[in-house]
K.L.:
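Before I ask anything, here is the structure I am working with.
Below, each value reflects all heavy atoms present in this structure, side chains not excepted, and no hydrogens, waters or symmetry copies. Just so you know, residue 1 is the first one in the sequence shown, and it goes up from there.
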Amino acid sequence: MTTIVGVHGIGKYHYYEEAGGSPGGAAEAMLAKWNGYLHKGLSGGASYAGQRYFSEIAYYAHHLHKGPTKPPRQMDPPAKLVFADWAAQLDGHVRSAAGESLTGVAHRLAEWLLGRLGPGAVKFAQDFCPEVATYLGGGDPRIRARDAVADVIRRRRPRVVVAHSLGSVVTYEAFWAHPDLSAELLITLGSPLGMKNVVFERLSPIPAHGRGARPPGVARWINIADKDDIAAIPPALRDRFDGVERDVACNIDWLDFHTVRNYLGCGTANDYLRPYVA
């Protein structure tokens with residue numbers, strides 16, 4: 001019996017479209033991929049024969065979707081604000097010039113990002129900023145996404161939850177919002193939980209005296225982040241959250257710096273997951 005639940009990150013709405021508007025179909029499609037990714041990490045690249053490590057991927061992307069993905073210069077104002085605050089942390093980039101519109105800021109930052117980190121980073125921004133803005137903006141999208149993750153954890157009763165990217169934020173809040181949830185181990189991958197001026201101060205519950213904390217239903221918390229992951233700023237969480245057992249650094253790919261495929265496939269999480277998949 002599998003004892004691991006996964007929680008996906010940004011940019012996964014296309015699974016919902018491909019499944020004909022079915023969140024269950026989207027979750028199933030992702031499940032097959034996540035099992036293959038983890039098999040690569042655990043086996044060192046041996047052929048995948050359908051082994052089942054995850055019991056389910058908690059799917060929530062459809063709750064945050066506002067329509068077709070737009071380039072940064074066409075983001076709505078909340079997403080542009082997230083884009084500016086996030087990009088500023090990458091290189092101390094000036095947020096605005098005198099008299100410059102928010103649209104001008106987004107356009108200028110997109111050009112700078114393209115020049116510095118390439119089209120992959122711009123695509124990342126197109127997914128990350130609108131979805132983070134929608135989720136942290138509060139209201140029904142935040143509640144529905146958080147409750148969708150909580151429902152899967154409650155139903156599956158996993159021993160381990162592996163949460164990637166924005167999914168780590170949704171999972172963190174789901175555990176706090178639903179005290180009946182529990183897990184022996186939470187593994188966060190490429191987490192933006194500690195990102196100042198974008199995520200950290202907007203968490204629920206609000207960090208007290210500048211520090212967050214491991215949710216009471218989580219017995220252990222391991223955080224894993226690639227040194228080049230531009231979502232995980234800062235990559236280490238122990239400086240901002242009580243109860244993080246260990247921050248684990250890895251180097252998955254300087255160009256493909258944020259995918260769950262590389263996080264699970266590189267083997268960094270093996271030591272923590274092997275006891276639950278044997």
K.L.:
Please name the pair of heavy atoms, one in Ala232 and one in Ala225, separated by the smallest distance, quoted to 0.1 Å.
P.N.:
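Smallest interatomic distance, heavy atoms only, reads CB-CB, 3.9 Å.
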K.L.:
Can you tell me how far apart OG (Ser182) and CD1 (Ile153) are? Round to the nearest 0.5 Å.
P.N.:
9.5 Å
K.L.:
Please tell me if the side chains of Thr134 and His65 come closer than 4.5 Å, counting only heavy atoms from C-beta onward.
P.N.:
no
K.L.:
With a 4.0 Å cut-off on N to O distance, would you call Asp151 and Arg154 a salt bridge?
P.N.:
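Result for this pair is yes, salt bridge flagged.
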K.L.:
Looking only at heavy atoms, what is the nearest atom pair of Leu181 and Ala174, with distance?
P.N.:
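Of all heavy-atom pairs spanning Leu181 and Ala174, the closest is CD1-O, 3.7 Å.
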K.L.:
With Val7 as reference, evaluate Val169, Thr171, Thr188 under the side chain to side chain contact (heavy atoms under 4.5 Å, CB included) test and give the passing residue.
P.N.:
Thr171
K.L.:
Just jot down the side chain to side chain donor-acceptor pair (under 3.5 Å) partners of Asp140, sequence neighbours excluded, or say none.
P.N.:
none
K.L.:
Please report the C-alpha distance between Trp86 and Ile233 in whole Å, then the side-chain angles of each, then the deciding distance to 0.1 Å, and finally whether the side-chain contact (heavy atoms from CB on, under 4.5 Å) criterion is met.
P.N.:
CA-CA 9 Å; Trp86 164 71; Ile233 303 173; 4.2 Å; yes
K.L.:
Go through the structure and list residues passing side-chain contact (heavy atoms from CB on, under 4.5 Å) with Asn270, not counting sequence neighbours.
P.N.:
Leu42, Arg274
K.L.:
Using 0.5 Å steps for rounding, measure from the NZ atom of Lys227 to the CD1 atom of Ile252.
P.N.:
10.5 Å
K.L.:
Backbone N or O of Ser55 within a donor-acceptor pair of the Arg52 side chain at under 3.5 Å?
P.N.:
yes
K.L.:
Please name all residues satisfying side chain to side chain donor-acceptor pair (under 3.5 Å) with Asp247, sequence neighbours left out, ordered by chain then number.
P.N.:
Asn223
K.L.:
Do His258 and Ile230 come close enough that some side-chain heavy atom pair is under 4.5 Å?
P.N.:
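No, side chains not in contact.
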K.L.:
Run through Leu185, Val162, Ile187, Val161 and flag the one making a side chain to side chain contact (heavy atoms under 4.5 Å, CB included) with Ile4.
P.N.:
Val162
K.L.:
If I compare all heavy atoms of Ala163 with all of Ser168, which pair ends up nearest, and what's the gap?
P.N.:
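What the structure gives for the nearest pair is CB-CA, 3.6 Å.
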K.L.:
For residues 201-218, which residue pairs pass the side-chain hydrogen bond (donor to acceptor under 3.5 Å, both in side chains) check, not counting sequence neighbours?
P.N.:
Arg211-Asp242
K.L.:
For Asp271, enumerate each residue passing the side-chain contact (heavy atoms from CB on, under 4.5 Å) test, keeping only those at least two apart in sequence or located in another chain.
P.N.:
none
K.L.:
Please collect all ring-ring contact (aromatic ring centres under 6.0 Å, His included) contacts where either partner lies in residues 186-208, sequence neighbours excluded, each pair once.
P.N.:
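Applying ring-ring contact (aromatic ring centres under 6.0 Å, His included) to every pair that reaches into residues 186-208, excluding sequence neighbours, yields Phe200-Phe241.
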K.L.:
List the residues meeting side-chain contact (heavy atoms from CB on, under 4.5 Å) with Pro234, not counting sequence neighbours, and say none if there are none.
P.N.:
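For Pro234 the side-chain contact (heavy atoms from CB on, under 4.5 Å) partners, ignoring immediate neighbours, are Arg240.
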K.L.:
Listed by chain and number, what are the side chain to side chain donor-acceptor pair (under 3.5 Å) partners of Arg246, not counting sequence neighbours?
P.N.:
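Per chain and number, Arg246 pairs via side chain to side chain donor-acceptor pair (under 3.5 Å) with Tyr272.
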K.L.:
Between the side chain of Tyr263 and the main-chain N/O of Asp226, is any donor-acceptor distance below 3.5 Å?
P.N.:
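Pair found, side chain donor or acceptor close to backbone of Asp226.
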K.L.:
In Å, rounded to the nearest 0.5 Å, how long is the span from CG of Leu273 to CG of Leu264?
P.N.:
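Leu273 atom CG to Leu264 atom CG measures 7.5 Å (nearest 0.5 Å).
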K.L.:
Find out whether Phe124 and Cys129 are in side-chain contact, i.e. whether some heavy atom of one side chain is under 4.5 Å from a heavy atom of the other.
P.N.:
no
K.L.:
On a heavy-atom basis, which atom in Ala26 and which in Ala19 lie closest, and how many Å separate them?
P.N.:
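Closest approach of Ala26 to Ala19: N-CB, 3.6 Å.
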K.L.:
Kindly compute the distance separating CG (Asn35) from CG (Leu38), expressed to the nearest 0.5 Å.
P.N.:
7.5 Å
K.L.:
For the CZ atom of Arg157 and the CG atom of Asp180, what is their distance to the nearest 0.5 Å?
P.N.:
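Arg157 atom CZ to Asp180 atom CG measures 10.5 Å (nearest 0.5 Å).
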K.L.:
Who are the ring-ring contact (aromatic ring centres under 6.0 Å, His included) partners of Tyr60, not counting sequence neighbours?
P.N.:
His8
K.L.:
For Gly9 and Ser165, work out which heavy atoms get closest and say how close.
P.N.:
CA-CB, 3.7 Å
K.L.:
Mind listing the closest non-hydrogen atom pair of Gly6 and Trp34 along with its distance?
P.N.:
CA-CZ3, 3.7 Å
K.L.:
Mind checking side-chain contact (heavy atoms from CB on, under 4.5 Å) for Ser43 and listing every partner two or more places apart, or none if nothing turns up?
P.N.:
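For Ser43 the side-chain contact (heavy atoms from CB on, under 4.5 Å) partners, ignoring immediate neighbours, are His39, Ala46.
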K.L.:
Quick check, are the ring centers of Trp221 and Phe175 under 6.0 angstrom apart?
P.N.:
no
K.L.:
Would you say Tyr15's side chain and Glu18's backbone share a donor-acceptor pair under 3.5 angstrom?
P.N.:
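Between the backbone of Glu18 and the side chain of Tyr15 there is no qualifying donor-acceptor contact (under 3.5 Å).
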K.L.:
So do Tyr13 and Asp127 actually touch side chain to side chain, heavy atoms under 4.5 Å?
P.N.:
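No, every pair of side-chain atoms sits at 4.5 Å or beyond.
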K.L.:
With Arg238, which residues qualify under side chain to side chain donor-acceptor pair (under 3.5 Å), at least two apart?
P.N.:
none
K.L.:
Answer whether the closest heavy-atom distance between the side chains of Phe128 and Pro192 falls below 4.5 Å.
P.N.:
yes
K.L.:
What distance separates Ile10 CD1 from Thr259 OG1, expressed to the nearest 0.5 Å?
P.N.:
10.5 Å
K.L.:
Any side-chain heavy atom of Glu184 within less than 4.5 Å of one from Tyr276?
P.N.:
yes
K.L.:
Can you name the residues that form a ring-ring contact (aromatic ring centres under 6.0 Å, His included) with His62, not counting sequence neighbours?
P.N.:
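ring-ring contact (aromatic ring centres under 6.0 Å, His included) check on His62 returns Tyr16, Tyr59.
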